[in-house]
Amino acid sequence: MTISDKQVVEFQTKLLSWYKENGRHFPWRNKSATNYQKIVSEVLLQRTKAVTIAKFFPKFIRKYPSWKQLGNATEEELQESLRPIGLYKQRGSRLFKLAQELKKRKGRFPKERSEVEELPMMGQYITNAYELFILKKSSPLLDVNMARVIERYFGQRKLSDIRYDPYLQDLAHKLVTSINSYEINWAIIDFAASICKARDPKCPMCSLNKNCKFITQLP
DNA sequence: AACTCGGGGCT
DNA sequence: AGCCCAGAGTT
């Protein structure tokens with residue numbers, strides 16, 4: 001089951017067009033956002049609604065403006081700071097470990113992707129975000145949202161875990177390549193959040209519903 | 001491959 | 001009352 005370039009281009013074009021009218025705006029997407037803010041925002045966004053983090057983010061950044069300040073916080077302090085957004089014990093410990101690691105490295109990440117991905121809290125998704133925003137590579141923000149859109153439109157994944165499914169990984173990478181990678185990534189995620197939702201997707205008003213595998217299977 | 005972490009928001 | 005949310009680490 002191969003996917004043609006034509007399908008890919010149509011997908012990209014329609015979504016970018018949708019995004020220009022309906023894209024969301026968040027502080028971590030601003031030009032002025034620091035590399036630190038971009039990584040931290042991805043940590044906060046894990047399994048947590050972006051709108052929730054939009055309200056929480058400014059407070060957190062005021063409290064911990066850089067890796068240096070974050071590195072001075074204790075593990076318990078970080079956990080307590082994260083309590084309002086959930087997953088606070090695990091996420092607090094892991095963020096603490098990452099902060100300590102970057103303290104040692106003076107705020108510098110390793111060069112190789114494989115080394116970055118070995119750092120605490122830097123999993124498959126955040127490492128992709130690191131490549132996209134900091135190394136300026138065209139890597140996909142392949143989370144549950146992007147995975148859902150891809151699977152509905154192009155077809156189901158093979159493995160249960162997004163991280164290890166080469167079909168999803170390869171296709172996601174292809175979808176965000178050859179154009180403005182920031183925009184297409186954000187377009188897919190915003191589209192997933194407001195149109196191609198997990199529950200109650202807005203298929204009737206979807207600009208991609210003509211060639212979508214999902215809608216053609218509806219009763 | 002399956003499980004756990006978690007408060008908040010929406011239905 | 002139930003479901004979902006810009007995942008990662010462990011078993």
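Letters go in sequence order (proteins before strands), and every chain restarts at 1. These values consider heavy atoms only, across backbone and side chains, with no hydrogens, waters or symmetry-generated copies. Note that the structure is a prediction, hence the values are computed from the model and not measured.
- Rounded to an integer number of Å, the gap from A:I85 CD1 to C:dC4 C1' is 16 Å.
- Straight-line distance from the CG atom of A:D200 to the C1' atom of B:dT11: 10 Å, rounded to whole Å.
- A centroid separation of less than 6.0 Å is found between the aromatic rings of A:F154 and A:F11.
- Judged as a side chain to side chain donor-acceptor pair (under 3.5 Å), the pairs with a partner in residues 45-59 of chain A (not counting sequence neighbours) are, in order, A:T48-A:R91.
- The CG-P distance, from A:L44 to B:dG7, rounds to 16 Å in whole Å.
- Using P as the reference atom, C:dT11 and B:dG6 are 16 Å apart when rounded to the nearest Å.
- At least one side-chain nitrogen or oxygen of A:Y88 sits closer than 4.0 Å to the OP1 or OP2 atom of B:dG7.
- The separation of B:dG9 from C:dA8, taken at their C1' atoms, amounts to 23 Å, rounded to a whole angstrom.
- Spacing between B:dC5 and C:dC4 at atom C1', rounded to whole Å, works out to 15 Å.
- Within the hydrophobic cluster formed by Ile, Leu, Val, Met, Phe, Trp and Tyr side chains joined at under 4.5 Å, directly or through other members, A:Y164 is accompanied by A:L159.
- Proximity of a side-chain donor or acceptor of A:D5 to a complementary backbone N or O of A:V8 within less than 3.5 Å is not detected.
- Taking hydrophobic clusters as Ile, Leu, Val, Met, Phe, Trp and Tyr residues chained together by side-chain heavy-atom distances below 4.5 Å, A:I134 shares a cluster with A:Y36.
- We find that CZ of A:F96 is positioned 22 Å from P of B:dC5, with the value rounded to whole Å.
- Comparing A:R91 and A:T52, the nucleotide of DNA chain B nearest to each residue sits closer to the 5' end for A:R91.
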5' to 3', nucleotides 5-11 of chain C under a 4.0 Å protein heavy-atom cut-off (B base, S sugar-phosphate only, - none) gives BBBBB--
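- Look at the P atom in both C:dA6 and B:dT11: the space between them is 15 Å, to the nearest Å.
- Under the 4.5 Å side-chain heavy-atom criterion for grouping Ile, Leu, Val, Met, Phe, Trp and Tyr, A:Y153 is not connected to A:V9 through any hydrophobic cluster.
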